[in-house]
Amino acid sequence: MTVTDSIKLGMEHAINFRTGLGRGFMGLPISYTYGGVKYHGLPSGSSASVSLSGPGTYVTTVTGEVGGGLRLRAEVVVYADYPAIEWTVYFTFAAGGSGAAGESGILEGVNAIDAFIGGEGAALEHNSGDFYHADGYTVGLAELPEGASFNQAPNGGRPCDGAFPYQRLTFDGHGVNVSIGWPGQWSCEYRGERGGVRLRAGQQVTHTVLRSGETLRTPRMSLVFFAGGAEEGANVWRRWYLAHVLPSRIGGKVAPAMAFCNNAGGEEFQEADEKNQLEAIARLRTYTRHGDVWWIDAGWYPCYREDGTKSWPITGTWKPDPARFPNGLAPVGKAAAEAGMDFLVWFEPERVHPGTWLDKEHPEWLLFNKDNDPSWDNRLLNLTDPDCHRWLRETVAGLIKESGIKCYRQDFNFEPLMYWRNNEAEDRRGMLENLYVQGYLAYWDYLLREVPDLWIDSCASGGRRNDLETMRRSVPLHPTDYGYGYHHINQSYRHTLHAWLPYTRGWATSWDVGGEYVKDVAYAADLTPNDNYKTVNGFGVLSFTDMGQFGKSPEMDAYMDRMLGVWERYADMALNSDFYALTPNHRSFGEWTVFQFDRPERGDGAFHVLRNNKAPQDTLTVYPKGVSGDLTLTNEETGETMVAKDVGAAGVTFSQPMRSGSIWFYGKAERA
């Protein structure tokens, strides 16, 4: 089945689901308890209006009165070009209305979805998210016959920490991709029932009164239906994601990016200064015409210990370090722009370290953990405080504008959950988290609205806050902090991520010496000239290069420039294509890894082929998807061309040395 067929037939399942919601979506599958009374669906007597929010995108807004001053508003998004539906529900309390008191009754057990999805042979594809471990992004499969169940929730309040808010529910011949768009602590339960599966999901804990004027919102639930199996489901999701989720900030799209940086040899960017950054940018174009981004990561602000040494986690004074950047960051931003690059700068505004400007000047804006113990190193900036929120958005937007920053990178390196829960009363459980999440999203919306052409990179100790609400505003340039130089591990990560977050990176780093992996091997060993294995393994939609890799030798400089040209073609194809993994999702350096990216509408594609450093087989035959007949393949690195005969039946056989990689492009293929 082609992806186009899967979309077309998936429309029937989406229409059947929408039809089951009732006229005007009055049967929207949500549930909650208010004032001790359980509700399912929208209030009777609700009214609906429909608007067009974009090409082929319709929003139905439904409003109604629950009672006792509690008003409900649901926003339902339907896509005309994809079998997709989304919704978010908002509960707002108004004191004085209908005899309402100063606080609402208890609103609890709010499920953003409480739905039965029909089908036989139910199974759920899920995975473990990112948690700084070799087992991150591990895919699991839970069968869901009648009576069986599967439950999942992240760790510590970041939505991809130890769990993943994206799941794929398959039945015999069809399925649905499910997203829980909540940048906080969500939970879900899938339970097999007769003839299908019951799904409940939402913010993990809600048991709260609302004060006058307050709004509690649910996660954004996204369902993308498909016909066929999980492979078709992944590619329907990818196409919908690229068409309707990936932010459009640069020339109508977020283009694949090659990032360059110079950390001046220190930990993170603690040794970066105006002089060494300007010198590195000036040198860059002598080596290569490629590169879209100049990257400054953590440590550019004052981050001094009492003994005068620097430590990048000392966050909370958001201005350039005057000792290193006496003119601010503007000279670096100007130089990057003149070199044809966007300027990316790292921030971590939510973490406040003791002794920093925020800690000393505005302790009333901070949340503490462990019974408000101020001795803890991390304070959480309280994004629910209006004055704090105003200061943050205006200060950061001003710094972005004056510095010429084009990509705002936000990190989040500790767990917020206990900061929320330890500061909530018994009758306000879940409310602080809910208001905080609303503040976080409003902050990003402000930056994107106020700074022309800004784009955002989402980071949270790697990839721990990449839910769909976050991804609608950003891209995940750095989806994990683990295993940069473990080739086989990051191949597995990409195997998983290509099926959900098309805009992601590779890791062009090596920690293997003599065939063995040594974690944190000396950095000099990572600068081996012409390391084909490391380079091709690092190909992703984003690739990353330290300026220190240039200037080692003319041979290495020429090789890197040539390979960046290969990457440029590959990256565009890898983003704007269907994805097929032609080898299992393994974590073994004794196996090959082969990915296929196929663009059926253009008739071309590419194979990303990696023979790992202990893979004993000299050849590997794989069976490509979506193509048939004879296939002509070209390796732009080596100039080789080969013809694979009758690939539908015979497959494609690759032969290359142990510890090597290759990109083989094909064009104008016959379609299967």
Side-chain angles (χ1 to χ4, degrees), residues 256-266 269 271-297 332 335-344 484-485 487 505-515 521-572 606 608-611 613 634-641 656-665:
M258 178 70 207
F260 288 95
C261 74
N262 175 28
N263 72 351
F269 283 71
E271 303 309 317
D273 59 29
E274 180 179 315
K275 181 175 183 293
N276 58 44
Q277 296 302 296
L278 293 180
E279 288 176 347
I281 292 172
R283 290 175 55 231
L284 175 64
R285 292 309 182 210
T286 66
Y287 295 113
T288 180
R289 63 179 176 83
H290 304 284
D292 303 315
V293 178
W294 187 261
W295 185 314
I296 289 184
D297 216 79
V332 184
E338 290 174 347
M341 295 185 292
D342 282 359
F343 185 31
L344 180 154
Y484 304 157
H487 307 98
R505 70 173 289 187
W507 289 264
T509 305
S510 287
W511 288 346
D512 61 324
V513 178
V521 67
Y523 190 63
D526 186 42
L527 302 180
T528 307
N530 305 2
D531 188 341
N532 156 276
Y533 180 54
K534 176 186 75 174
T535 302
V536 176
N537 183 75
F539 276 20
V541 174
L542 171 83
S543 284
F544 191 86
T545 299
D546 194 296
M547 275 300 297
Q549 295 188 44
F550 287 103
K552 299 295 180 180
S553 70
E555 179 189 25
M556 183 176 180
D557 295 341
Y559 174 77
M560 287 183 62
D561 186 61
R562 182 171 75 256
M563 291 305 291
L564 288 176
V566 178
W567 164 81
E568 208 164 55
R569 180 180 176 190
Y570 162 89
D572 179 67
H608 190 170
V609 184
L610 295 153
R611 181 181 175 186
N613 58 355
T634 302
N635 183 329
E636 291 190 354
E637 177 185 0
T638 64
E640 296 173 85
T641 298
Q656 61 192 49
M658 189 180 294
R659 198 185 183 279
S660 70
S662 59
I663 303 294
W664 291 90
F665 295 104

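For clarity, every value in this text was computed on a predicted model and none was experimentally measured.
- Residues Asn613 and Tyr533 have side chains in contact (heavy-atom distance under 4.5 Å, counting atoms from C-beta outward).
- Under the rule for a side chain to side chain contact (heavy atoms under 4.5 Å, CB included), the partners of Arg569 that lie at least two apart in sequence or sit in another chain are Glu636, Phe665.
- Proximity of Ile663 to Val536: side-chain heavy atoms (C-beta onward) are separated by under 4.5 Å at one or more points.
- Checked against the 6.0 Å centroid threshold, Trp507 and Phe544 do not count as a close aromatic pair.
- Asn532 contributes no side-chain N or O that, together with a main-chain N or O of Ser660, makes up a donor-acceptor pair within less than 3.5 Å.
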**Request:** Let me see the working for Trp511 and Thr509 under side chain to side chain donor-acceptor pair (under 3.5 Å), right down to the final yes or no.
**Result:** CA-CA 7 Å; Trp511 288 346; Thr509 305; over 6 Å; no

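- For Ala282, there are no side chain to side chain contact (heavy atoms under 4.5 Å, CB included) partners at least two apart in sequence or on another chain.
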**Item:** Verdict with supporting geometry, Glu279 and Arg283, salt bridge (charged side-chain N to carboxylate O under 4.0 Å, His left out)
**Value:** CA-CA 6 Å; Glu279 288 176 347; Arg283 290 175 55 231; over 6 Å; no

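- A salt bridge does not link Asp512 to Lys534: none of the charged side-chain nitrogens sits closer than 4.0 Å to a carboxylate oxygen.
- A donor atom on one side chain and an acceptor atom on the other are found under 3.5 Å apart for Glu640 and Thr638.
- The main-chain N or O of Ala259 is never found under 3.5 Å from a side-chain atom of Thr545 such that the two would form a donor-acceptor pair.
- The pair Arg659-Asp531 counts as a salt bridge, with a side-chain nitrogen and a carboxylate oxygen less than 4.0 angstrom apart.
- Considering only residues two or more places apart in sequence or on other chains, Ala272 meets the side chain to side chain contact (heavy atoms under 4.5 Å, CB included) condition with Phe269, Asn276, Gln277, Phe325.
- A salt bridge between Glu568 and Arg289 is present, with a side-chain N of the basic residue lying under 4.0 Å from a carboxylate O of the acidic one.
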